[in-house]
Amino acid sequence: MTFNARRLNKEDLDLPCQELAIYLLGKVLVRKLEDDTILKGRIVETESYLGGEDKASHSFNGRRTSSNEPMYMPVGTCYVYFTYGMYHCFNISSRESGAAVLLRALEPFQGVEIMEKFRSNRNKSKQAVRKKIKTSKLCDGPSKLCISFDITKENSNKIDLTDPENDSLWLEDDPDHPDWDRKEMKIVKSARIGINRAEEWNSKPLRFYVLNNESVSKRDKMAEMMIENDENVE
DNA sequence: CGTCTGATTGTCT
DNA sequence: GACAATCAGACGG
């Protein structure tokens, strides 16, 4: 049951990479499957990947291949990247050409049973040993959210999230959802996760997540302390 | 809670 | 041929 959900358009998303990453926190990713099932999750963790100087970005130094092409496409284009031989990562291109926002975690609230099915079907461990995944942990990582939402390079790469003709994947503003109070949302800024090369870019605060949200993939205690201190000052 | 390791394959050099 | 924007499971405190 949701209220006043509004689909986000080009103008909403037309922001520089880092601003878009922050803007997306609290927004809702919606997926409509072939059988019309609707999956929804609130975005609670994002990362910015800039172009040019950003060594951790696939578009570093203007690098342009058939694979990273969506990073150079208009705002709101999906860039799905296949990695580690078995996982996908889901990005949304930003205003600047060659920059995109990686979605790292969602708080699922609709279609949870389907997500559980997608997740456990991937697990190769024996059924008997298989543990039930906590709802808040269904999408607490960039590849886990792709598995839960059945997002692959094949079915979602280069899709325009703002195209009204596209009814399989889009974003919504959902300010009046009963169990979500936007005013309570505090944003933590920390270093990105899983970046090995890229030296000095490792430390830059290009990851953004909602403080105290159970679905965040990895907490940064130091960064969270900074926020607590800021509160005391006010 | 934290740290470590094996799995697995498309993509680029 | 080496690497990768990860994950699940194992093990230690």
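Order of the sequence lines sets the chain letters (A, B, ...), proteins ahead of strands, with each chain counted from 1.
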#### Entry: Shortest side-chain distance from A:T83, nucleotide among C:dA8, B:dT9, C:dT6
C:dT6
### Summary
Testing B:dC12, C:dA5, B:dT8 for proximity to the side chain of A:M86, the answer is B:dT8
#### Entry: Candidate nucleotides C:dT6, C:dA5, B:dT9, ranked by approach to the side chain of A:Y81 - the nearest
C:dA5
### Summary
A:M222 CE to B:dG2 P, in whole Å, measures 14 Å
### Query
Within the structure, does a side-chain N or O atom of A:R219 lie under 4.0 Å from either OP1 or OP2 of B:dC1?
no
### Query
So, do A:F149 and A:C139 sit near enough that their side-chain heavy atoms are less than 4.5 Å apart?
yes
#### Entry: Partner residues of A:R95 under the side-chain contact (heavy atoms from CB on, under 4.5 Å) criterion, sequence neighbours left out
A:D14, A:P16, A:V75
### Query
Does the side chain of A:S59 pick up a donor-acceptor pair with the side chain of A:S57 at under 3.5 Å?
yes
### Atom-pair distance (CZ on A:R122; C1' on B:dA7), nearest Å
11 Å
### Task
Using a cut-off of strictly less than 4.0 Å, decide whether A:R104 has a side-chain nitrogen or oxygen near OP1 or OP2 of C:dT6.
yes
### Task
Could you work out which one of C:dA8, C:dC7, B:dG2 sits closest to the side chain of A:K221?
B:dG2
### Query
Rounding to a whole Å, what distance do you find between A:K218:NZ and B:dC4:C1'?
13 Å
### Query
Checking all strands, does A:Y79 fall into the base, sugar-phosphate, or nothing category for heavy-atom contacts under 4.0 angstrom?
base
### Nucleotide C:dA5, atom C1' - distance to CG of A:N68 in whole Å
13 Å
### Message
What is the distance, to the nearest angstrom, from the CD atom on A:E45 to the P atom on C:dT6?
### Response
10 Å
### Task
Look at all strands and tell whether A:T65 reaches a base, only sugar-phosphate, or nothing, counting heavy atoms closer than 4.0 Å.
sugar-phosphate
#### Entry: Whole-Å distance separating the CG atom of A:L103 from the P atom of C:dA5
16 Å
### Query
A:R192 CZ to C:dA4 P: how many Å, rounded?
14 Å
### Query
For the pair made of CG in A:D140 and P in C:dC7, what is the distance, rounded to whole Å?
8 Å
#### Entry: Aromatic-base stack, A:Y49 on C:dA5, cutoff 5.5 Å, angle under 30
yes
### Task
Find the runs of at least 3 consecutive base pairs, i with j, i+1 with j-1 and so on, that include DNA chain B, using Watson-Crick or G-U wobble geometry with both distances under 3.5 Å.
B:1-7 with C:6-12, B:9-12 with C:1-4
#### Entry: Pairwise 5' ranking along DNA chain B for A:Y87 and A:K153, keeping only the more 5' one
A:Y87
### Task
Answer yes when A:E45 and A:K218 have at least one side-chain N-carboxylate O distance shorter than 4.0 Å, and no when they do not.
no
### Task
Kindly say whether A:F118 contributes a backbone atom to a donor-acceptor pair with the side chain of A:N121 at under 3.5 angstrom?
no
### Task
Test A:L13 against every option in A:V101, A:L171, A:T77 by the side chain to side chain contact (heavy atoms under 4.5 Å, CB included) rule and name the one that passes.
A:L171
### Task
Walk me through it: do A:R6 and A:D12 pass the test salt bridge (charged side-chain N to carboxylate O under 4.0 Å, His left out)?
CA-CA 11 Å; A:R6 181 182 69 89; A:D12 294 314; 3.2 Å; yes
### Task
For A:N68 and A:H58, indicate whether the former's side chain and the latter's backbone hold a donor-acceptor pair under 3.5 Å.
yes
### Task
Output yes when at least one side-chain N/O atom of A:K144 is less than 4.0 Å from OP1 or OP2 of C:dA5, else no.
no
## Note on the structure
Which of B:dT13, B:dT9, C:dA5 is nearest the side chain of A:R63? It is B:dT13
### Message
Counting the atoms with a prime plus P, OP1 and OP2 as sugar-phosphate, which does A:R207 contact under 4.0 Å by heavy atoms, base, sugar-phosphate, or nothing?
### Response
nothing
